[in-house]
Every structure is written in C-alpha cells, then in structure tokens.
Amino acid sequence: MNATYRNLLLEYGYDEAEIGRKVEETWELLFGEHEATRIYYPSGDDMGYMLDTGNLDVRTEGMSYGMMMAVQLDKKDVFDRLWRWSYQYMYMTSGENKGYFAWSCNTDGTKRSNGPAPDGEEYFALALLFASHRWGDGEAPLDYSVKARQVLHDCIHNGEDGVGYPMWNPDNKLIKFVPNVEFSDPSYHLPHFYELFALWANEADRPFWREATEASRNYLKIACHPVTGLSPEYAHYDGTPNDERGYGHFFSDSYRVAANIGLEASWFGASDWMREEAELIQAFFADKDPADYRRYTIAGEPFEEKSLHPVGLIATNAAASLASPEGPHARSSVELFWGTPVRDGDRRYYDNCLYLFSLLALSGRYRIWMPVQ
C-alpha cells in the first residue's frame, strides 16, 4: 500500500491553494446550508442524514458515503451524527436481515425497506475502521472498530444458522447485489477495501477477505467489456450482463467502477489491466458531449434514454486517471471535471457524492487511515 498519495491535480498543473479551496468549498456546498446543492441535513441535537434529493429518502449508500467523506476530511461531528442516525434507524436487530442496515428510510427514520444493500455495509465498515484509527473508539455506538468488525462478521456469516443470507457468496467470495439473490453489481466490488478488511476484521475472517480481494479483481476483468471498458449495473457471476430487470447495461451504478479503479490505484498501485480499463472508459467518452450522455449497452450502443447523472459520470471518468495518469485522455478527463461545478436541483445527490469522492482522490486526500501505533 502507498505511503504517499498522488495529488494528480497538482501534477497536472493546478495550484495547490486552489485545490485546497475547491475541496473545502465542495464540502461546504454539500454539507453546509446552500439549499441548491446541499445533501446533508442535521437532525435533532446529535444526528444528521444524507438526503437522496431525487427520491426523497435516506439510503445506506449516502449515509456510508457521507461518513467516508467526513473521516477523510476530519469532520468528526458530521461523522458521528450520520453514524448515530444510521445505527438508530437503519440497523436491524431481528429477522433474516439481523445485523444489516435497511437500505432506504424516510427522513423521520421510519423504514421504507427492511432489506439491505451491500454497498452500504462495506462503506460503513471501512469508514468506521478509519474513524477508529483516526479518532479512537468512544462509548457505544461510537465504539467504531467494534461496530465495524461486527458488520463484517455478519456480512459473511449470516445464514449459517439457517436464518437469512450472507452478503458475499461463500463459495466464489463475490459480493451479491442483495443478500437473497445470486448475482452481483460490478460497482460494488471494492478489492482495495477488502485488502484492509483482511488486516482489521476479526482474525478468523481475515482469510475470507484475502480470497474476496482476489475474487473481485478477477471478476472485474470479466464484467468490463474488453473494447469499451463499460460494465453493466447487474451482472451474473460469470461476468455477463444480467438484464432480467433491465439493469444489464451501462448506467448510473456502473459509473462507480471507474472511480473504484482509480482509488485502488491510488492506494495500492495500478495493474496493467487497471491502466487498460481506465484508458478504454476514457476513450469511449472522449468524443461525447456530456449533454448527450446516454444509457449504453456494454458494447457501446446508445439508447435514447439520457444519463440521469452526467456530472457523476464526468467525475468518475476523471478519477480513473489515477490508474493511468499518462493515458491519452487522462488530462482532458480531469480538465473536464475541474471545469464542471457541483450539481444543483433534484437529481444532485448521486452526482455530488461521486463529485466529492473524485475530488478527494484526485487531490490525494482520499487516504488509508492506519491504526495509531
């Protein structure tokens, strides 16, 4: 793992002070009181939530993303508010989803769903571990490392007593789309997270996470198209698109794959495949106007349907430059992102989450927080 983190924006000639200002301004636009751009809302004396402004609900995706952003930028108050809300309202203590988090709630904390979405759990777990390492554990529920290890334990052991399902398939070690199905979502695959789980999860579970790391790296190679680099939202375990419900194409979920590859490259270095994949995705979009981004087959055929989140796609394509900084479209992808403001309006939530993550990664501010020695 890298001891230093590339500030690719600085390498590309952007001013250090201006980069720092852009990071802080973006945080303020998302977490402050700017009504057109904000996605974070305090709740009561000691809680807060991230609002999906398009669907008017609170999702484990956004809550765990907000926690990761907060720990990276040393915003402990916001982190703790988000975690208290998540643990109070989303965490399930009985039934087949015991130990998981309800993926969608209303802003008053009532559940819209009693099912989980595994991308939330993996972000919750690593954000909590980073918080423990950065700030130290407090009293429950702020005993971050204890809560993280319990989440990771439940993710792979639920169902062993005949009740419920694990979030990772125990045989092929691949993350599922939801626990009670047997297919995946390529954008959920975070081998760079699993490498860290293999260091910090319960000792008995560490071999599983080492296997999951390798399994996910291999899976992404077969889920991403060899010519376009595009991946579907849902995919079978053999990597082929799962279009049974219309999610077998490149659309909103898929955008995250490019950013995930960029962050893994920042943390652990880029493999030849990661470099090639980043360059393929950037090449595919190099001649396309963001105003005309569409839904695409993974072979690159466009649908009439326009992208719901063009700003998010611009951001993730830029983050991919970390995997191939000298690639033919790396600088232009970053330049497009740098010149794009955060999104306002009803659909801003997902775009702005991807925007801040990409800005953190490209500026060398999305880091592994190690235990204090």
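Owing to the predicted nature of the structure, the values given are computational and were not obtained by experimental measurement. Sequence positions, counted from 1, serve as the residue numbers for this chain.
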Any side-chain donor-acceptor pair under 3.5 Å between [X] and [Y]?
{"X": "D205", "Y": "H157", "result": "yes"}
{"X": "T107", "Y": "Y41", "result": "no"}
{"X": "Y194", "Y": "E122", "result": "yes"}
{"X": "E11", "Y": "N7", "result": "no"}
{"X": "D74", "Y": "W135", "result": "yes"}

Open item on the list: What verdict does the side chain to side chain contact (heavy atoms under 4.5 Å, CB included) test give for F124 and Y100, after you've listed the backbone C-alpha separation in whole Å, the side-chain angles of each residue and the deciding distance to 0.1 Å?
Closed with: CA-CA 11 Å; F124 277 136; Y100 296 152; over 6 Å; no
- [ ] Considering only NZ, NE, NH1 and NH2 on the basic side and carboxylate oxygens on the acidic side, decide whether E214 and K221 come within less than 4.0 Å.
- [x]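 Here E214 does not pair with K221 in a salt bridge, since their nearest N and O are not under 4.0 Å apart.
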Checking [X] now: which residues fulfil side chain to side chain contact (heavy atoms under 4.5 Å, CB included) with it, not counting sequence neighbours?
{"X": "P226", "value": "none"}
{"X": "S132", "value": "D137, Y144, S145"}
{"X": "D272", "value": "R275, E276"}
{"X": "Y247", "value": "E233, Y234, R245"}

TODO: State yes or no: do L263 and I175 share one hydrophobic cluster built from I, L, V, M, F, W and Y residues joined by side-chain heavy-atom distances below 4.5 Å, directly or via other members?
DONE: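 In one cluster with L263: I175, yes.
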Task: Cluster overlap L152 with Y165, hydrophobic side-chain contacts below 4.5 Å - done: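 Unlinked, L152 and Y165 end up in two clusters.
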TODO: Name all pairs fulfilling the salt bridge (charged side-chain N to carboxylate O under 4.0 Å, His left out) condition that reach into residues 336-347, sequence neighbours left out, sorted by first residue then second.
DONE: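 Output for this query lists R343-D351.
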Task: Pairs flagged by salt bridge (charged side-chain N to carboxylate O under 4.0 Å, His left out) wherever residues 307-336 is involved - sequence neighbours left out - done: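 For residues 307-336, and leaving out neighbouring residues, there are no salt bridge (charged side-chain N to carboxylate O under 4.0 Å, His left out) pairs at all.
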Which residues end up grouped with [X] if you chain together Ile, Leu, Val, Met, Phe, Trp and Tyr wherever their side-chain heavy atoms are less than 4.5 Å apart?
{"X": "V257", "answer": "L220, I261, W273, M274"}
{"X": "I222", "answer": "L174, Y219, Y237"}
{"X": "F303", "answer": "none"}

- [ ] Kindly confirm or rule out a cation-pi arrangement of K75 over F31, judged by NZ or CZ under 6.0 Å from the six-membered ring centre and within 45° of its axis?
- [x]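 So K75 doesn't make the cation-pi contact.
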- [ ] State, to 0.1 Å, how close D52 and G54 come at their nearest heavy-atom pair, and which atoms those are.
- [x]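 Heavy-atom minimum between the residues: OD1-N, 3.0 Å.
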Task: For Y355, ring-ring contact (aromatic ring centres under 6.0 Å, His included) partners two or more places apart - done: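 Scan of Y355 (ring-ring contact (aromatic ring centres under 6.0 Å, His included), adjacent residues dropped) gives F337.
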Task: ring-ring contact (aromatic ring centres under 6.0 Å, His included) partners for Y366, two or more places apart - done: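 W267, F357.
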Which donor-acceptor pairs under 3.5 Å do side chains of residues 64-71 form with protein atoms, sequence neighbours excluded?
unit_1: S64; atom_1: OG; unit_2: T60; atom_2: O; d: 2.7
unit_1: S64; atom_1: OG; unit_2: E61; atom_2: O; d: 3.0
unit_1: Y65; atom_1: OH; unit_2: R256; atom_2: NH1; d: 2.9

